[in-house]
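These notes are about the structure you will find just below.
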Protein chains: 2
Amino acid sequence: MTTISLLDLQALPLTGEAKSKIQKSLNKLSFNKDQTIFHQGEVCTSLYFIRSGLVKLSYITTEGKELIKSFIAEGGMFGSLYSQLTGEGSTFNATALEDLAVDVLDYTALIQAGENSLEMQKIFVNFFQQLALSKEMREYEFLCLSAQQRYKKFCEQYPQIVSRIRQADLALYLGITPIALSRLKHRSSGE
Amino acid sequence: MTTISLLDLQALPLTGEAKSKIQKSLNKLSFNKDQTIFHQGEVCTSLYFIRSGLVKLSYITTEGKELIKSFIAEGGMFGSLYSQLTGEGSTFNATALEDLAVDVLDYTALIQAGENSLEMQKIFVNFFQQLALSKEMREYEFLCLSAQQRYKKFCEQYPQIVSRIRQADLALYLGITPIALSRLKHRSSGE
DNA sequence: GTCATGAATTAACCTCGGTTAATTATTTTA
DNA sequence: TAAAATAATTAACCGAGGTTAATTCATGAC
């Protein structure tokens, strides 16, 4: 019972008509390293499927501090669920950490394409289930793990990401300052 | 374009056949205050729809500390998404904070009931979207807000919950100790 | 009313992480 | 290769939150 992933656009079970609609609304874009894909506060109902490169999603607080929500690499996708569902501005920024190539699709176009397809709806269900589950994991980590433990876990779980990002960004993902991360790295091994 | 909520079991668009199946598998249970509904580590694929009472979902760490994931009151529902999707043990406990009356439904029964219904799938999509969105909010709060700010926000957002729970449990939800919460409450107002 | 139980507060002490700022790599560019 | 820019480390100081334990407050039970 493997469900087709929403991430594999080509494999989506769409009929000729719906398929061509999607094809038409699909846009290939590219961004340079450090370029912003969309800003916090800006309405953005696009879905971005990463062909190559690395993206960070981050909040900027009122005091101007940056906190990182997530890193997404090739094969992954991102978009502002909040903006898509409410029509209001995104709660976070999306920034390219490496030169980036993406397939861009409008959220409503995709939803409409799946409007009458049971199979597509199941793919949506599956996608959002997984999303909810991954958010639960992160909630668990914030509640139950120390910064030290979160660091260790992230390194073990995403070594390929760790090697591609600045230590400073990793710190902002863990919810601590770059200085604190530097310190705890060199701390006596530690639980 | 209001979608029927998964929470309103009676209103679900189910045909006579699927409906009766659901009716049959539906179980009315009740628990006493302080009773455990299911334990961390225990496989539990049930969905619990709360008719009355209040529940807390909490993690117990290896050191025996409790951290609270969420509070759910009448009209809400809960279940272990992780257990349902993977078949493994739940990552958290569910405990009644007040005498509790619930409608219990098996996850797979509900999924099967919606298997061939486009409408039901849309209800699922909607439900998991909202779930993912609410988890995102919590992630934002842990990343961007201080314990003080989280406390203030929770009081404003869920005054009816605040009045029904022990301060100690609220602290464990905020990710701090009861002592720390007591302190910050009495701190110079403070941003 | 008294006693007992549990909840909340307070105090003293300690650790971790934040802050500012200086220093030392490490890249990049010229 | 030197100079400039960016990243990472280190130090000194501070405050928030953890820990233990004692104290005060509430609530029931008898």
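Hydrogens, waters and symmetry mates play no part in the numbers below; they use all other heavy atoms, side chains included. Letters A, B, ... mirror the listed sequences (proteins, then strands); counts begin at 1.
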In whole angstroms, how far is the [atom2] atom of [N] from the [atom1] atom of [X]?
X        : N      : atom1 : atom2 : value
A:Leu181 : C:dG18 : CG    : P     : 10 Å
A:Leu145 : C:dC16 : CG    : C1'   : 16 Å
A:Leu174 : C:dG18 : CG    : P     : 11 Å
A:Asp34  : C:dT28 : CG    : P     : 12 Å
A:Lys65  : C:dG17 : NZ    : P     : 15 Å
B:Arg166 : C:dT5  : CZ    : C1'   : 13 Å
B:Ile176 : C:dG17 : CD1   : P     : 16 Å
B:Asp169 : C:dA7  : CG    : P     : 9 Å

Is the phosphate of [N] approached by [X] (side-chain N or O, under 4.0 Å from OP1 or OP2)?
X        : N      : result
A:Lys33  : C:dT28 : no
B:Lys185 : C:dT9  : yes
A:Gln167 : D:dT9  : yes
B:Thr177 : D:dG18 : yes
B:Ser182 : C:dA8  : no

>> Is there a side chain to side chain donor-acceptor pair (under 3.5 Å) between A:Asp99 and A:Ser30? Walk through the geometry before answering.
In response: CA-CA 8 Å; A:Asp99 288 346; A:Ser30 52; over 6 Å; no
>> A cation-pi test, strictly: NZ or CZ of A:Arg138 under 6.0 Å from the centre of the six-membered ring of A:Tyr173 and no more than 45 degrees from its axis. Yes or no?
In response: yes
>> Closest approach to the side chain of B:Ile179, judged atom by atom: which nucleotide of D:dT10, D:dT20, C:dA8 is it?
In response: D:dT20
>> Nearest to the side chain of A:His186, heavy atoms from C-beta on, is which of C:dT19, D:dG18, D:dT10?
In response: D:dT10
> Per the side chain to side chain contact (heavy atoms under 4.5 Å, CB included) rule, which among A:Ile50, A:Leu47, A:Leu9 passes with A:Met77?
Replying inline: A:Leu47
> When the ring planes of A:Tyr59 and B:Tyr140 are compared, do they come out parallel, tilted or perpendicular, using 30° and 60° as the limits?
Replying inline: perpendicular
> Using 4.0 Å as the upper bound for N to carboxylate O, is an ion pair formed by B:Arg164 and B:Glu74?
Replying inline: yes
> When you match B:Arg183 and B:Pro178 each to their closest nucleotide on DNA chain C, which lands nearer the 5' end?
Replying inline: B:Pro178
